[in-house]
Every structure is written in C-alpha cells, then in structure tokens.
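Lettering follows sequence order; numbering is per chain, from 1.
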2 protein chains.
Amino acid sequence: MTIYTAASLKAELNEKGWRLTPQREIILEIFQNLPKGTHLSAEDLYNTLEEDGHPISLSTIYRTLKLMARMGILRELELAEGHKHYEINQPAPYHHHHLICVKCNKTIEFKNDGILKTGTKTAQKEGYHLLDCQLIIHAVCPTCQRSLIPL
Amino acid sequence: MTIYTAASLKAELNEKGWRLTPQREIILEIFQNLPKGTHLSAEDLYNTLEEDGHPISLSTIYRTLKLMARMGILRELELAEGHKHYEINQPAPYHHHHLICVKCNKTIEFKNDGILKTGTKTAQKEGYHLLDCQLIIHAVCPTCQRSLIPL
DNA sequence: CAACTTATTGAGAATAATCAGCAATAGGTG
DNA sequence: CACCTATTGCTGATTATTCTCAATAAGTTG
Ligand SMILES: [Mn+2]
Ligand SMILES: [Mn+2]
Ligand SMILES: [Zn+2]
Ligand SMILES: [Zn+2]
C-alpha cells in the first residue's frame, strides 16, 4: 500500500531476483492513471492495452495481475461478476471499500478510516504482513428490491 | 443474517413463490451443524452429503448455494483458492471476518463489532438491503514470510 | 560492451469451476 | 386428489484462469 514509480517497482522486483519489463511498467502505469472508481478485469486490461497501442498477451496479463496483487501494488476485487477485478492499492486518504448489489452488480465505493486501522492492527497482532484490507458489503440495491426478477 | 429453521426457511421461500425441498432443508441443516470455522466449497458439500447418505447432485448444490447466499442465509467467501466457500451467516455475537495468507491460504477468523455496524449503516444510507458484510485481509503469514518459494 | 544466466514472454493447449437446457419429478394450493 | 409450475439430476456447454514450452531479453559479470 505504497505509491509506486517505475524505479521503486524495479528496485522491489530486483531485490527478489525478478525483473522490470516494459510490460510490467506499462501495466503499472495504466492502473495509476485510471479514473477513480474504475475496476479492470484481465480482459478489460487486455483491451485497454490493445487500444493504447501496447498490446500484451493475456498470459502475461494474468501473470502480472497476480504478481502485483501479491506484492500489494494492486487490489484483487471479487465484485460478484464471476471474474476478478483489479485497481491500484493506495494508502489512507484514497483507501476505500465496496458496497455491491448482488443482483445487478452495481458497486458503490465508500471510505472509512477505522477499517484500515482494524485491518492493520489485526494483521500485526498475528504477525502477518499486510497486503490489502477490504470491506465487502453484499446487498440489494433500491432498484433491484423493487424488480420482480427472481433470484 | 437471522437464525433460520426449516419452518422459517419454508415461510420465506413460499412468500416468493418458491418451494422448500428436502435438498434445501438438508443443506441448511448441514451448514447449521458445521463446527465453527468450517468453510465448505460446492465440492466439499457434495462429498459431505454423499458420506452422510443424502446425495444431492452438483447442479442442485450450486443452485442452492447461490440461492441461499442471495437470501442472506449463507455467506459467500472468496478465500483465495480459486473457488468459492460458504458458511452460515450469523448475526452479532457470531459474526466474524477473515485474515488470509495469499501464499498458503491459511485463514484466521477474527471478530470486530464495529465493522458490522459500519456495514449496516453504509447499506442503510444508500437504501440497500444488507445481506452480508465481510472484512477480508489479504496478507502473508509468518511462515510464508520466511519461505523462499517465489510469488 | 560482450558473454552468460535465467526470468519472462506469447501462443496455444489444458483445467476446473460454474452454468444452461431439458425431460422427469414433486411441492404447494384448492 | 388434481393442477400448475418450481425444482431436480443428467449431460453438455461456457469461461476464467493456468500450464507448457520454445524464443526472447533483463540484469550481471568480467
Ligand atoms: Mn474501488
Ligand atoms: Mn468463517
Ligand atoms: Zn441492483
Ligand atoms: Zn502462509
């Protein structure tokens, strides 16, 4: 949950014997410049990169997303659509959580400082190294409460 | 997030034109009698039912898990293993959250009253009908911090 | 900067979880 | 009991994600 630059990403990768590649650099950049509230799936990222003129194979995309999530650079979100979404993982003033309608998947972001504190404290108490901490609220939105569509 | 009995399950199903079947009743019972801290996948439930002498088809299991999660009877958990897990959804004194090691998937449950309150308040403020509210902490456990296994 | 080691990439095949279609069955209601 | 239709259990799709492997290219060393 730090702010990354190409340089700090390279430093952290090299420290573990890994490498900074153009692909990894571009993917980080894409996420850093995404409008607030955007959540990308692997497929979304694939298309974005293609349109951007920097095509990257799906294999590499999946590998990079997993890598960056495990480094704490990206957050892996399960937004109830059957596939994962990702967003940049930022600290305190930008850190947020998600309220999701399980029927239409409409998602609202909200902030709450106490939760990150709780997460940090809990991880620390158990000796875990914190990567991400997210409150997920599953609910039914006002529109879907009225709708007659079953399930 | 209520305590269900076969009768109250039937009432809630019938109210929506749905039916209480032996399969649904048994699945509810299984979850209610699970030892604290147990999380079942669809496959786990399938096997449990088979061993129990009450075999139910995988299709029905998937359908029932989804149904009960959307009713708020079960919680759908994404415990970083590539497939969903489920547990009974209970109110205040039993309500808990999960601290997950992204490397070995070891999961620790912990309680925190404030989070459920935050979730309830947030859902209410947006007019959403709350089903479940879970804090997920992704982290690396002490053992895996020491391990040399990459990723 | 040239040689060297090995992490990484891209293409395609393989896997695994979950869903869909459909005929047969069985709840709920009167 | 008779009727309507939700539900079940097969089976056969989907679809997201991972694996395999040869080719490429970071990072390091002399
Ligand atoms: Mn978000
Ligand atoms: Mn649990
Ligand atoms: Zn909705
Ligand atoms: Zn671990």
Side-chain angles (χ1 to χ4, degrees), chain A residues 6-7 9-28 39-47 49-50 54-71 74 76-86 102-103 105 148-151, chain B residues 6-7 9-28 39-47 49-50 54-71 74 76-86 102-103 105 148-151:
Chain A
L9 173 60
K10 176 165 163 46
E12 194 163 328
L13 286 168
N14 290 349
E15 190 189 344
K16 292 177 180 150
W18 300 338
R19 296 169 185 177
L20 178 64
T21 63
Q23 290 88 340
R24 289 175 178 172
E25 198 171 334
I26 292 168
I27 289 176
L28 173 62
H39 304 124
L40 296 187
S41 66
E43 197 84 22
D44 293 337
L45 178 58
Y46 179 80
N47 293 329
L49 285 161
E50 183 129 76
H54 298 285
I56 296 181
S57 76
L58 253 187
S59 301
T60 298
I61 289 188
Y62 274 107
R63 281 184 295 233
T64 307
L65 290 173
K66 183 186 255 188
L67 175 74
M68 291 188 171
R70 299 223 167 164
M71 290 176 74
L74 298 179
E76 197 170 72
L77 308 172
E78 202 59 55
L79 298 178
E81 278 188 64
H83 53 259
K84 290 169 182 147
H85 284 91
Y86 297 82
V102 299
K103 297 186 80 172
N105 296 335
L148 298 175
I149 301 162
L151 250 200
Chain B
L9 174 60
K10 176 165 161 48
E12 195 164 327
L13 286 167
N14 290 347
E15 190 189 342
K16 292 177 181 150
W18 301 338
R19 296 171 184 176
L20 178 63
T21 63
Q23 289 88 340
R24 289 174 178 173
E25 199 171 333
I26 292 170
I27 289 176
L28 173 62
H39 305 124
L40 296 186
S41 66
E43 197 84 22
D44 293 336
L45 178 56
Y46 179 80
N47 293 328
L49 284 161
E50 183 128 77
H54 298 284
I56 295 181
S57 76
L58 253 186
S59 300
T60 298
I61 289 187
Y62 274 109
R63 280 184 297 233
T64 306
L65 289 173
K66 184 185 252 186
L67 175 75
M68 290 187 172
R70 298 224 167 163
M71 291 175 74
L74 298 179
E76 197 170 72
L77 309 171
E78 203 60 54
L79 299 178
E81 278 187 65
H83 53 260
K84 290 170 183 147
H85 284 90
Y86 296 83
V102 300
K103 296 187 80 173
N105 296 335
L148 297 175
I149 300 161
L151 251 197

Quick one: list whatever passes side chain to side chain donor-acceptor pair (under 3.5 Å) with [X], sequence neighbours left out.
X: B:E78; result: none
X: B:E25; result: none
X: A:N105; result: none

Under 4.0 Å between a side-chain N/O of [X] and OP1 or OP2 of [N], yes or no?
X: B:K66; N: C:dC19; result: yes
X: A:K10; N: D:dA26; result: no
X: B:Q23; N: D:dG9; result: yes

Starting at atom [atom1] of [X], determine the distance to atom [atom2] of [N], rounded to an integer number of angstrom.
X: B:E50; N: D:dG9; atom1: CD; atom2: P; result: 12 Å
X: B:L67; N: D:dA6; atom1: CG; atom2: P; result: 14 Å
X: A:L65; N: C:dT8; atom1: CG; atom2: P; result: 15 Å
X: A:L40; N: D:dT17; atom1: CG; atom2: P; result: 13 Å
X: B:E78; N: C:dA17; atom1: CD; atom2: C1'; result: 11 Å
X: A:E25; N: D:dA25; atom1: CD; atom2: P; result: 16 Å
X: A:R24; N: D:dA25; atom1: CZ; atom2: C1'; result: 12 Å
X: A:H83; N: C:dA17; atom1: NE2; atom2: C1'; result: 15 Å

### Reported CE-to-CG distance for the pair B:M71 and B:L13, which is rounded to 0.5 angstrom
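Here the interatomic distance stands at 4.5 Å.
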#### Entry: Gap separating the CD atom of B:E76 from the OH atom of B:Y86, nearest 0.5 angstrom
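That separation rounds to 3.5 Å.
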Result block: side-chain N/O donor-acceptor pairs under 3.5 angstrom for residues 55-69 of chain B, not counting sequence neighbours:
residue: B:S57; atom: OG; partner: B:T60; partner atom: N; Å: 3.2
residue: B:S57; atom: OG; partner: B:T60; partner atom: OG1; Å: 3.1
residue: B:T60; atom: OG1; partner: B:R63; partner atom: NH2; Å: 3.4
residue: B:T64; atom: OG1; partner: B:T60; partner atom: O; Å: 2.7

Just jot down the side chain to side chain contact (heavy atoms under 4.5 Å, CB included) partners of [X], sequence neighbours excluded, or say none.
X: A:N47; result: A:E43, A:E51
X: A:K103; result: A:C101, A:V140, A:C144, A:S147
X: B:N14; result: B:K10
X: A:T21; result: A:Q23, A:R24

### Query
In chain order, what residues pass the ring-ring contact (aromatic ring centres under 6.0 Å, His included) check against A:H83, with sequence neighbours excluded?
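So A:H83 forms a ring-ring contact (aromatic ring centres under 6.0 Å, His included) with A:H85.
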### Task
With axes from five pairs an end, tell me the bend angle of the helix from C:dC1-D:dG30 to C:dG30-D:dC1, nearest 10°.
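One end's axis against the other's: 60°.
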### Message
Expected output is a numbered-order residue list: members of residues 55-64 of chain B with a heavy atom under 4.0 Å from any atom of DNA chain D. What is it?
### Response
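Result for residues 55-64 of chain B: B:I56, B:S57, B:S59, B:T60, B:R63, sorted by number.
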### Task
For A:E43, report the nucleic acid contact type (base, sugar-phosphate, nothing); a contact means any heavy atom under 4.0 Å.
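The answer is nothing, as A:E43 stays clear of every strand by at least 4.0 Å.
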### Task
Can you sort out which residues in residues 11-21 of chain A have a heavy atom within less than 4.0 Å of DNA chain C? Ascending by number, please.
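A:G17, A:W18, A:R19, A:T21 - these, ordered by number, are the residues of the stretch whose heavy atoms sit under 4.0 Å from the strand.
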